[in-house]
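Have a look at the structure below before the remarks.
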Amino acid sequence: MTEEKKSLNFIEQIIEEDLKNGYKKEDLKFRFPPEPNGYLHIGHASSINLNFGLGLRYNAPVNLRFDDTNPIKEEQEFVDSIKRDVEWLGFKWEKECYASDYFQQLYDWAVEMIKNGDAYVDSQTSEAIANQKGTPTEAGKASPYRNRSVEENLSLFEAMKNGETPEGKDVLRAKIDMASPNMLMRDPIMYRCVHKQHHRTKDKWKIYPMYDWAHGESDFIESISHSFCTLEFLPHRELYNWFVNKVSKPGDFQPKQREFARRNLSHTVVSKRKLAQLVEKNIVESWDDPRMPTISGLRRRGYTPTSIRKFAESIGVGKRENMIDLSHLEFCAREDLNKTAPRVMGVLDPLKIVITNYEKDEEWLEAENNPEDESAGNRQVPFSKELYIEQEDFKEEANRKFFRLKLGKEVRLKNAYIIKAESVVKDEMGNILEVHCTYDPKSKSGSGTEESQRKVKGTLHWVSIKHAVPSEVRLYDRLFSVEAPDADKEKDYLEFINPDSLQTITGYVEPSLKESKELDQFQFQRIGYFCVDKTSTPEKPVFNRTVTLRDSWAKQSN
Ligand code: ATP
Ligand code: MG
């Protein structure tokens with residue numbers, strides 16, 4: 001197999017096949033069709049990456065289409081957030097389209113269908129309609145209204161359109177086949193009455209098209225060549241084609257629906273409806289809460305567009321639904337941030353150390369911003385007699401495997417000197433208040449002396465107490481404590497919320513971080529990747545932990 005062949009996924013194979021069979025490359029056109037009823041989530045990233053990725057691969061246009069056919073759940077806020085997120089991921093759409101822009105055209109087509117005997121108004125209750133549907137092995141029953149005259153249908157449909165018909169009374173149904181083995185073909189509903197303001201068309205419409213009667217038609221209007229949707233729409237394909245056939249003329253171009261598997265992420269839910277519950281019930285702060293698997297939550301958490309695109313790319317498209325472990329997403333974040341995030345020092349659980357033989361008031365030491373990126377340059381960090389290190393980096397006594405600070409032993413302070421722990425000061429309860437150390441003045445990092453090259457086993461991060469900036473640090477963990485919170489149909493997924501998904505602490509960071517602004521990312525050395533929250537101020541910086549340096553969950557399960 002050639003490189004090229006190996007990398008073709010089954011969707012690309014479908015397109016290649018079409019091109020081989022005479023389809024023109026200039027006619028390729030795709031769309032990403034979210035419903036503006038919530039914020040985009042990591043599952044959508046797969047669909048975005050697929051559709052916009054095909055656009056890039058084939059140099060073909062990709063429309064951003066809002067599937068806004070249900071005014072009950074849709075809002076302008078969601079439209080705005082979806083545009084922001086797709087843009088932030090780095091993709092450019094050809095046209096911004098709305099199914100609602102096609103309402104008049106859809107209505108005109110529906111009138112034509114009534115005239116042609118392909119649609120009728122059913123005046124039964126939704127229960128009665130459901131009861132007549134039959135089962136996959138048993139034909140349905142025809143509605144007593146199935147053979148209404150064209151005139152009666154036209155006038156009833158017009159009354160629906162004018163808002164004269166109460167909600168829930170009449171519906172328009174396609175007249176297809178009540179005995180079809182495909183239940184969706186048993187006279188599906190095309191329109192229902194909804195007397196609610198639409199975020200774009202306002203009060204103009206009192207009837208709204210159903211998904212099946214809007215989606216393929218929108219694809220047809222926009223000349224979308226390949227319309228990719230998730231697998232649950234496979235049985236809808238027959239209806240998609242039936243409707244497109246009704247509105248097109250022989251020889252017209254036909255859009256093609258093809259299906260791929262939904263991607264699920266572990267320890268969370270990827271469904272706008274379920275995510276909306278978390279927001280409405282105040283379980284999370286907002287749609288962009290950094291624990292949310294939404295694109296906006298991930299952005300606020302510190303994920304980069306590159307890491308999300310890499311994630312989507314690496315899991316690819318498939319024909320079978322599967323669960324991707326959250327640790328894979330975290331891996332993608334680490335991989336990208338390792339290359340791009342400047343290194344800084346911050347202490348999250350401080351222990352005071354005093355360098356008893358340090359005579360100067362302070363000095364500023366040179367520190368490398370990113371060993372992975374020379375162009376990132378250096379910065380100055382202040383050093384003084386009193387410093388913080390992490391509590392866990394000191395023990396009075398420890399075995400030989402403890403390469404951090406212990407009494408009588410040396411460690412290097414990152415970018416600074418080698419110190420040796422001499423004694424501890426305790427309170428009457430026996431808690432360590434401070435550790436007294438001495439330092440080797442000749443051991444300064446980068447000073448070129450023999451001592452500066454001297455190797456000691458451990459290197460610790462630290463901050464100078466008088467220069468450190470107290471900051472709010474938000475440590476996030478998985479939002480759900482089980483892998484598949486919505487897998488158990490007997491239980492509500494909200495029962496599996498992890499009560500410890502957010503821990504807020506005060507950390508002490510080097511003063512260079514005062515200047516940082518929203519979304520700036522850093523590696524707090526030896527701890528993890530952190531990102532400046534939108535609520536941060538120079539007086540009170542706020543950092544979100546994106547991800548720890550290593551996968552701490554993997555360690556626990558070993
Ligand atoms: P939700 O249930 O979260 O509302 P949806 O499928 O109803 O999801 P839409 O806004 O209608 O969301 O979806 C836009 C596109 O994104 C569709 O083509 C849909 O199939 C795709 N999509 C949604 N969720 C996923 C997922 N988890 N994996 C892959 N594609 C997805
Ligand atoms: Mg939906």
Side-chain angles (χ1 to χ4, degrees), residues 9-11 30-55 62-70 72-75 77-83 85-86 89 91 93 97-100 209-212 214-216 218-219 222 224 226-237 240 255-279 287 292-298 308-309 311-326 328-329 484-487 493:
N9 60 44
F10 82 97
I11 294 285
F30 310 102
R31 91 286 172 258
F32 170 62
E35 183 183 356
N37 63 344
Y39 282 59
L40 295 180
H41 52 63
I42 188 71
H44 291 111
S46 280
S47 175
I48 293 171
N49 198 62
L50 168 68
N51 287 297
F52 285 96
L54 288 171
V62 185
N63 287 350
L64 174 62
R65 157 133 36 88
F66 291 97
D67 214 341
D68 54 347
T69 53
N70 182 1
I72 299 167
K73 292 188 279 171
E74 297 160 3
E75 287 174 34
E77 177 198 346
F78 299 140
V79 170
D80 296 340
S81 75
I82 289 169
K83 284 165 64 178
D85 289 348
V86 174
L89 283 172
F91 295 112
W93 52 86
C97 303
Y98 293 84
S100 56
M210 303 298 287
Y211 173 89
D212 289 307
H215 204 90
S218 303
D219 289 338
E222 292 171 23
I224 301 302
H226 295 77
S227 175
F228 297 109
C229 57
T230 36
L231 269 183
E232 68 273 22
F233 289 100
L234 182 59
H236 296 246
R237 199 203 276 184
Y240 178 103
K256 197 173 203 174
Q257 175 188 304
R258 289 294 178 271
E259 308 79 17
F260 64 98
R262 220 165 243 281
R263 293 298 190 208
N264 300 309
L265 189 65
S266 77
H267 299 92
T268 191
V269 289
V270 279
S271 147
K272 279 179 274 168
R273 189 176 53 77
K274 289 178 187 158
L275 293 171
Q277 289 280 303
L278 298 173
V279 179
W287 282 95
M292 290 282 267
T294 52
I295 304 296
S296 53
L298 292 168
I308 295 176
R309 286 204 310 266
F311 171 76
E313 199 57 48
S314 66
I315 63 177
V317 284
K319 292 183 181 175
R320 224 167 296 147
E321 237 187 81
N322 65 352
M323 168 84 79
I324 313 291
D325 200 276
L326 185 59
H328 182 58
L329 180 62
D486 48 0
Y493 67 105

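Whatever order the structure lists them in is the order used to number ligands and atoms, beginning at 1.
- Closest of all the heavy-atom pairs between Phe32 and Val62 is N-CG1, 4.3 Å.
- Residue Phe260 has at least one heavy-atom neighbour below 4.0 Å for each of these atoms of ligand 1: 29 (C), 30 (N).
- Under the 4.0 Å criterion applied to side-chain N and carboxylate O atoms, Glu222 and Arg65 are assigned as salt-bridge partners.
- Scanning all heavy atoms of the two residues, the minimum distance from Cys97 to Asn63 falls at SG-ND2, 3.7 Å.
- Contacts with ligand 1 closer than 4.0 Å are made by no heavy atom of Phe233, backbone or side chain.
- Considering only non-hydrogen atoms, atom 27 (N) of ligand 1 lies nearest to Arg263 out of Lys274, Arg263, Glu35.
- Aromatic pair Tyr240/His236: centroids not less than 6.0 angstrom apart.
- Every salt bridge (Lys or Arg N to Asp or Glu O under 4.0 Å) that Glu232 has, sequence neighbours left out, goes to Arg262.
- The distance from ligand 1 to the heavy atoms of Pro34 drops below 4.0 Å at these ligand atoms: 10 (O), 14 (C).
- The shortest N/O to N/O separation between His44 and ligand 1 falls below 3.5 Å.
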For residues 315-322, which side-chain N or O atoms pair as donor and acceptor with protein atoms under 3.5 Å away, sequence neighbours left out?
residue : atom : partner : partner atom : Å
Glu321  : OE1  : Asn264  : ND2          : 2.9
Asn322  : OD1  : Arg263  : NH1          : 2.7

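- Counting the atoms of ligand 1 from 1 in the order shown, those under 4.0 Å from a heavy atom of Ser47 are 15 (C), 16 (O), 18 (O), 21 (C), 30 (N).
- For the residue pair Leu275 and Met292, the shortest heavy atom distance occurs at O-CE, 3.8 Å.
- Heavy-atom proximity to Lys272, at under 4.0 Å, picks out these atoms of ligand 1: 1 (P), 3 (O), 4 (O), 9 (P), 10 (O), 12 (O).
- The distance from ligand 1 to the heavy atoms of Ser271 drops below 4.0 Å at these ligand atoms: 3 (O).
- In this structure, Phe233 has its ring center under 6.0 Å from that of Tyr211.
- Checked by distance only, ligand 1 and Arg31 stay at 3.5 Å or farther apart across all their nitrogen or oxygen atoms.
- On a distance-only criterion, Asn37 and ligand 1 share no N/O pair closer than 3.5 Å.
- By the criterion of a heavy-atom distance under 4.0 Å, neither the backbone nor the side chain of Arg273 is placed next to ligand 1.
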